[in-house]
Amino acid sequence: MKNYNRDLTTAKCSPGNNAADDSAIKIIAEKGDVIAYDDVDFTGAKRLLLEAAVSPKSARTVELFVDDVSVEKEIGIIDIGDRVKANDFDFSEYYANLPCISGVHKLILRFTGHTELEADFFRLSAYMGSETEAGRESRMKWWKDAKYGMFIHFGAYSYLGGRYCGKVADWYSEWIMDALKIPKEDYAKNAVAHFNPKDFDAKKIVAAAKSAGQKYIVITSRHHEGLSIYDTKIREFRDFCLMNKSCCPEYSGGDILKGLSEECRKAGIHFGVYITIMDWHDPSQEGWGESRIAAGHDKSEYVSRLKGQVRELIDHYGVEVLFFDGEWVDWWTEEDGRALYRFIRTLSPDCIVNNRVGKRNPSDGDYGTPEQEIPAEGLGYPWESCVTMNDSWGYKMGDENWKSPQWIISNILDIASKGGNLLLNVGPDGNGTVESVPIDNILAAGKWLKRFGKAVYGTEKSCFQSAVDGDLRITSKPTERKIYIALLEADPREKGRITLPPIDREILAVRELASGRDVGFEATEKGTVIDIQKTERQDFATVYEMTVDRY
Ligand code: GLC
């Protein structure tokens with residue numbers, strides 16, 4: 001589907017300036033007036049989304065036609081209903097279902113009565129608001145198979161590194177504004193104004209992620225401090241972004257997010273962004289940890305801008321995953337989450353969204369986000385544990401408590417054996433450089449993954465999920481009839497054998513993955529005993545591949 005032309009024909013209009021990015025068209029139409037858009041490609045379109053601020057005086061419906069205004073060419077109705085704007089910035093989504101239309105046509109919107117609206121944009125989409133189990137499986141497939149990604153926390157807090165005006169903040173460095181209750185203006189002056197990530201090297205970071213065996217990257221586009229670290233065009237946010245000289249005067253480099261997304265694309269790494277709902281800087285909010293909507297403000301105006309950012313991230317940065325956060329504020333509701341989710345999938349039907357788009361319920365978004373923990377039994381729906389490489393998400397001076405390569409491999413295997421993903425964080429410093437120890441550690445783990453990644457990527461949990469030894473982690477690839485048994489840390493020669501509970505499949509072979517050599521096993525009704533005495537211990541984990549007759 002191609003984008004449309006903003007070609008306004010008969011309706012009276014003037015350029016508006018209220019849309020999130022100032023591009024709305026102000027329309028004052030009377031009954032029978034039309035707006036026509038040439039060359040609209042309807043291929044695959046099932047729904048139309050109109051993003052508009054509609055005044056209370058408006059008629060309730062807008063009729064849709066293709067090519068010309070005639071009964072035969074009518075294709076649907078936009079129901080404006082009672083959802084009229086609460087303020088000038090209140091852009092809402094209006095959806096219309098479409099019949100199956102193929103090819104390129106003129107799209108005509110006809111007003112059924114006096115209408116005053118600001119039309120921000122419209123979009124045709126294949127997303128109908130729901131999907132089949134099979135559709136969901138195929139959309140989520142790359143992400144589930146990926147198993148392992150890199151999280152990057154980067155913002156003005158990276159410049160502070162956990163210290164501010166002689167004070168050291170406890171806990172996560174990106175929470176320093178809250179921890180020390182730093183007023184917005186002071187934070188802008190003492191942190192943001194000095195943030196100059198001149199050494200941020202997207203190519204190097206992507207190359208490290210790739211060698212580390214990470215299949216996707218998720219970077220903070222705007223964290224709770226409110227600074228957008230990319231060239232946002234959205235009202236208010238653009239006044240507080242890295243590319244804006246009046247807030248980051250020292251920075252003269254390019255758009256970090258653009259650079260990273262391009263490098264990811266070149267390297268075949270999937271690209272996602274983190275985006276906060278709660279924002280300690282935004283004029284719409286006050287307070288820190290639990291922001292409140294500020295007096296005289298309305299959340300719908302902020303939400304319009306949030307959607308504006310989501311749209312620019314999807315359209316211009318090719319974002320495939322949206323990781324929301326800061327959703328716990330009580331002014332953000334489950335219903336807000338559902339509306340935002342529908343908006344995202346309409347713009348980008350294949351996009352994958354975390355559960356913090358809503359309130360972290362199993363039914364919110366597409367996947368669960370256990371933080372700094374691995375659920376003992378996994379979760380009954382797609383999930384990803386996000387974990388810090390040391391003890392802070394953002395760069396923190398002196399925090400050297402790095403996860404080791406052994407930790408990384410053991411935990412990837414543990415997570416994979418429970419059907420989840422690992423999103424492992426790095427926090428570049430204020431210049432944009434990632435310290436060497438975390439990079440060395442992920443690279444060392446990457447060497448193991450290069451040799452034994454078969455036991456991780458594209459796997460699911462196995463039929464041995466429970467009832468296995470403490471030092472075994474077991475994954476499976478049902479389509480290939482393979483089961484991967486990883487022995488953590490212990491020396492196979494000392495351990496001598498692996499004992500597994502019985503399974504109702506015939507075991508055809510077991511081989512040592514490192515050498516490719518078959519190893520002996522004995523399967524009885526009581527279980528399977530694999531003889532590993534002659535196999536060699538590998539760093540971090542030793543893997544055996546079992547082939548079964550069916551899965
Ligand atoms: C939290 C924190 C935050 C961090 C995030 C990662 O909710 O507020 O600082 O970005 O989780 O999951």
Side-chain angles (χ1 to χ4, degrees), residues 143 148-162 164 169-182 187 191 214 216-230 257 272-282 285 287-292 306 309 313 321-332 337 352-361 364-375 379 382-396 399 401 403 411 415 420-430 434 438:
W143 184 88
Y148 182 32
M150 176 188 270
F151 210 176
I152 304 177
H153 274 67
F154 195 45
Y157 46 82
S158 314
Y159 160 77
L160 295 176
Y164 181 83
D170 292 339
W171 210 43
Y172 297 150
S173 78
E174 73 282 1
W175 272 76
I176 194 165
M177 190 173 168
D178 168 85
L180 302 178
K181 301 291 175 262
I182 308 171
Y187 192 84
Q214 296 166 325
Y216 58 108
I217 291 182
V218 178
I219 184 169
T220 50
S221 61
R222 177 166 55 88
H223 205 272
H224 310 331
E225 65 174 4
L227 184 76
S228 297
I229 65 152
Y230 71 101
L257 231 61
V273 297
Y274 164 111
I275 184 164
T276 186
I277 290 167
M278 169 184 79
D279 185 316
W280 298 325
H281 173 84
D282 198 81
Q285 293 160 59
W288 289 275
E290 284 272 342
S291 78
R292 297 175 299 278
L306 171 66
Q309 282 204 319
L313 289 166
V321 177
L322 278 165
F323 187 115
F324 288 95
D325 188 33
E327 82 300 340
W328 54 82
V329 286
D330 42 0
W331 52 266
W332 184 256
I352 296 176
V353 186
N354 74 346
N355 66 349
R356 302 183 193 176
V357 69
K359 290 290 196 181
R360 304 193 196 197
N361 300 309
D364 290 335
D366 297 316
Y367 66 95
T369 52
E371 186 172 315
Q372 305 283 44
E373 57 154 346
I374 298 166
L379 297 176
W383 60 280
E384 172 193 73
S385 280
C386 52
V387 179
T388 49
M389 196 58 191
N390 51 359
D391 291 328
S392 175
W393 300 97
Y395 168 74
K396 193 156 183 199
D399 180 345
N401 192 22
K403 308 281 187 307
N411 284 276
I415 289 171
N421 282 17
L422 171 65
L423 188 63
L424 188 58
N425 183 75
V426 291
D429 67 16
V434 186

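Numbers for residues simply follow the sequence, beginning at 1. Values in this document were obtained by computation on a predicted structure and should not be read as measured data. Both ligands and their constituent atoms are indexed starting at 1 by order of listing.
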- Those atoms of ligand 1 less than 4.0 Å from some heavy atom in Cys386: 12 (O)
- Polar contact flag, side-chain donor to acceptor under 3.5 angstrom, Asn425-Thr388: no
- Task: Please report which non-hydrogen protein atom sits nearest to atom 9 (O) of ligand 1, along with the residue it belongs to and the distance in Å to one decimal place.
- Result: Glu174 OE2, 2.5 Å
- Which is it for Trp175 and Trp280 under the ring pair (Phe, Tyr, Trp, His ring centres under 6.0 Å) test, yes or no, and what are the steps along the way? CA-CA 10 Å; Trp175 272 76; Trp280 298 325; 5.0 Å; yes
- Query: For Tyr172, is at least one N or O under 3.5 Å away from an N or O on ligand 1?
  - Reply: no
- Ring-ring centroid check Tyr274 His223, cutoff 6.0 Å: yes
- Query: If you measure only the distance, is there a donor-acceptor pair under 3.5 Å linking the side chains of Tyr148 and Glu384?
  - Reply: no
- Within 4.0 Å of some non-hydrogen atom of Trp175, the atoms of ligand 1 are 2 (C), 3 (C), 8 (O), 9 (O)
- Query: Can you check whether Trp328 has an N/O within less than 3.5 Å of an N/O in ligand 1?
  - Reply: no
- Message: Is there a polar contact, in the sense of an N or O pair closer than 3.5 Å, between Trp393 and ligand 1?
- Response: no
- Query: When you look for heavy atoms under 4.0 Å from ligand 1, do you find them on the side chain of Glu327, its backbone, both, or neither?
  - Reply: neither
- Message: Aromatic contact between Phe151 and Phe323, with the criterion being ring centroids under 6.0 Å apart: yes or no?
- Response: yes
